[in-house]
There are 2 protein chains.
Amino acid sequence: MKRECGRWGYRLRGFGYKCTPGRELILEILESTDEHLSPEEIYSKVSIEHPEIGLTTVYRTLDMLVNLGVVSKLDFGEGKSRYELSEHHSHKKHHHHLVCNKCGKIIDYSDFINEEIEFLNKIESKLGKKYNFKISSHFIKFDGMCNDCI
Amino acid sequence: MKRECGRWGYRLRGFGYKCTPGRELILEILESTDEHLSPEEIYSKVSIEHPEIGLTTVYRTLDMLVNLGVVSKLDFGEGKSRYELSEHHSHKKHHHHLVCNKCGKIIDYSDFINEEIEFLNKIESKLGKKYNFKISSHFIKFDGMCNDCI
DNA sequence: AACCTAAATGATAATTATTTTCATTTAGAT
DNA sequence: ATCTAAATGAAAATAATTATCATTTAGGTT
């Protein structure tokens, strides 16, 4: 008997990948959170509904989704990676991050983001030419200490 | 018999730390390179002159130097950290990085850096207020593909 | 110059994040 | 219902980093 596939499943098929319960669930989890989840965290959420799905599959799926451009891999320098739906596939607007180096809290901000993007694009195009570098994305973060940790 | 300490050794003493061969050597290595070395890479350079010094000591020393603000820890999302002398202790000017996601090459650029810093400071102060966040540093990188990998 | 003690070190084991391997299962085309 | 490449789970392997602990050493004191 064929499993029913949801919205994400159809998109996966569109990319030439199979629609599987794990993949759909991981995408739903990423879609329904505002956090920046680590593979381990995603795995523990996955386990609630599908305890048979292993951590390896989580890693593999995230990897695939990053390659498709559906998910962004973020590295805040904690020694582990974090993931979020990429701008194009998310309801969240383009944002950057404030990282608390005490408690690890991550705040998304979208303030001044248009100025910021515009500025970055300008620099990006100049740098790209000067260093003959094909720039595909940028990453900005501000490190510091949050409200609760000060 | 007392060991002679160099310039870095005296600085370490000034910070209340002992001057040891490993510490001085690590600082000299960082000072004399334009690369962004990983602990393993530093270790292998250290080994040439002092094969008895272990990787653990390299990690410990880097950690200490980062806490002192003498060295900056950088994370380009490779699953390992890299280190460089921090702006204040280096002859290099403030810069940011272009990272080639194919071969891993990292290019420092200082172009437009004043505009960039000015812009970031402006944002930084606004964000700090709005989110009640004490921002201590920023990190920018541009990801893409270098000259050789295109 | 020998002495002392906290700080630093090296060797090793332990941890944590991630990747690989491989035998088994399953999605989805036929 | 059948078939096969793709996907998976369990387990082992790898890589980066950190912790443990017995030994050594820097550098102040005598």
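Every chain is numbered from 1 and lettered A, B, ... according to where its sequence line falls, protein lines coming before strand lines. Note that the structure is a prediction, hence the values are computed from the model and not measured.
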Inset, instruction - Dump the intermediate steps for salt bridge (charged side-chain N to carboxylate O under 4.0 Å, His left out) on A/K126 and B/D111, then the final yes or no. - result: CA-CA 9 Å; A/K126 290 185 188 173; B/D111 314 81; over 6 Å; no
Inset, instruction - Applying side-chain contact (heavy atoms from CB on, under 4.5 Å), run through A/I135 and B/D143 and close with a yes or a no. - result: CA-CA 6 Å; A/I135 295 173; B/D143 289 281; over 6 Å; no
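Distance A/R13 CZ to C/dA27 C1': 8 Å, rounded to the nearest Å. Here the P atom of nucleotide D/dA16 and the CG atom of A/D75 are 14 Å apart, to the nearest Å. Atom CD of A/E40 and atom P of C/dT19 are 14 Å apart (whole Å). Remark: P of D/dA16 and CZ of B/R82 are 10 Å apart, rounded to the nearest angstrom. When rounded to the nearest whole Å, the span between CH2 of B/W8 and P of D/dA26 equals 20 Å. Summarising the geometry, the separation between OH on A/Y59 and C1' on D/dA15 is reported as 12 Å, rounded to the nearest angstrom. Between A/K80 atom NZ and D/dA15 atom P there is a gap of 22 Å when expressed in whole angstrom units. Put simply, CG on A/L55 is 14 Å from C1' on D/dA12, counting in whole angstrom units.
At least one donor-acceptor pair under 3.5 Å links the side chain of A/S110 to the backbone N or O of A/H94. Counting only distance, with no hydrogens or angles, the side chain of A/S44 and the backbone of A/E41 share a donor-acceptor pair below 3.5 Å.
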Inset, instruction - Indicate for each nucleotide in nucleotides 6-12 of chain C, in 5' to 3' sequence, whether protein heavy atoms under 4.0 Å reach the base (B), only the sugar-phosphate (S), or nothing (-). - result: BSSBBBB
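Heavy-atom minimum distance, B/K105 versus B/C146: CE-SG, 3.7 Å. When all heavy atoms of B/E31 and B/W8 are compared, the closest pair comes out as OE1-NE1, 3.0 Å.
In terms of hydrophobic clustering, with Ile, Leu, Val, Met, Phe, Trp and Tyr side chains grouped at heavy-atom distances under 4.5 Å, B/M145 and A/F139 are assigned to different clusters. Under the 4.5 Å side-chain heavy-atom criterion for grouping Ile, Leu, Val, Met, Phe, Trp and Tyr, B/V58 is connected to B/L27 within one hydrophobic cluster.
Comparing the helix axis at one end of the helix from C/dA1-D/dT30 to C/dT30-D/dA1 with that at the other, each defined from 5 consecutive pairs, gives an inter-axis angle of 20° (nearest 10°).
A donor atom on one side chain and an acceptor atom on the other are found under 3.5 Å apart for B/H95 and B/E84.
Annotation: ring-ring contact (aromatic ring centres under 6.0 Å, His included) contacts involving residues 38-67 of chain A, sequence neighbours excluded, are absent.
The residue among B/C5 and B/S81 whose nearest nucleotide of DNA chain D is located toward the 5' end is B/S81.
Between B/H138 and B/H96, the ring planes lie perpendicular to each other; the angle is over 60°, past the 30° to 60° tilted range.
Contacts between residues 41-50 of chain A and DNA chain D, defined by a heavy-atom separation below 4.0 Å, involve no residue at all. Near-neighbour residues of DNA chain C inside residues 28-39 of chain A, defined by a heavy atom below 4.0 Å, number-ordered: A/P39.
Ion pair A/E49/A/K45 not flagged as a salt bridge, since none of the NZ, NE, NH1 or NH2 atoms sits closer than 4.0 Å to an Asp/Glu carboxylate oxygen. A salt bridge is absent between A/R7 and A/E28: the closest approach of a Lys/Arg side-chain nitrogen to an acidic carboxylate oxygen does not fall below 4.0 angstrom.
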Please tabulate, one pair per line, all N/O donor-acceptor pairs under 3.5 Å involving side-chain atoms of residues 63-77 of chain B, not counting sequence neighbours.
{"unit_1": "B/N67", "atom_1": "ND2", "unit_2": "B/D63", "atom_2": "O", "d": "3.3"}
{"unit_1": "B/D75", "atom_1": "OD1", "unit_2": "B/G77", "atom_2": "N", "d": "2.8"}

